[in-house]
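Read the structure below first, then the notes.
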Amino acid sequence: MRQARPYSAMFAGGVSARTGPHALPLARIKKIMKRSAGDSSVVDGGGGARMISGEAPVVFSKACELFIAELTRRAWAATLEGKRRTVHKEDVAAAVQNTDLFDFLVDVVMADGHDDDHTDYK
């Protein structure tokens, strides 16, 4: 049987998912969700999500945290292989290239590798 609020216990200490501390701003996640859902190249028929439940950005926030943590672990391993203590973009690129799970990012890190002089990310 499904629980009414399956993600409410996501955060420790009994803090609910709607009021708990979040590492990423939920308003920004919701804005990205609406913009991405409105992109007709992503969703057939265009349209987009006009309404997003309060719990959906919380789940995305947690997923983003887990994604960042995993990518960071793998980039750190590449950093240690290079006998350094600072993670560089080359370490992140190596983590992406050496992990099948991150194949969807290969084009992003390869495109970034050709443009070394441009560091203004907006």
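No experiment lies behind these values; they were computed from the predicted model shown.
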With rounding to the nearest 0.5 Å, note down the distance linking [atom1] in [X] to [atom2] in [Y].
X   : Y   : atom1 : atom2 : value
T79 : R85 : OG1   : CZ    : 10.0 Å
T86 : W76 : OG1   : CH2   : 7.5 Å
S53 : K30 : OG    : NZ    : 8.0 Å
M51 : K34 : CE    : NZ    : 7.0 Å

What are the two closest heavy atoms between [X] and [Y], and how far apart are they?
X    : Y   : value
F102 : R74 : CE1-CD, 3.7 Å
E65  : L24 : N-CD1, 4.4 Å
A94  : A78 : CB-CB, 4.2 Å
P57  : L26 : O-CD2, 3.7 Å

Exercise. Taking the side chain as every heavy atom from C-beta outward, state whether T99 and E70 have any pair of such atoms under 4.5 Å apart.
Key: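 Not in contact.
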Any non-hydrogen side-chain atom of L71 less than 4.5 Å from a side-chain atom of V96?
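Contact flag for L71/V96 side chains = yes.
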message = Would you say V108 ends up clustered with I32 if hydrophobic residues are merged whenever their side chains have heavy atoms under 4.5 Å apart, either directly or through other cluster members?
response =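 No, no single cluster joins them.
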Discussion item. Starting from I68, can I reach L66 by hopping between I/L/V/M/F/W/Y residues whose side chains sit under 4.5 Å apart?
Written reply: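 They do not share one cluster, since no chain of ILVMFWY contacts under 4.5 Å joins L66 to I68.
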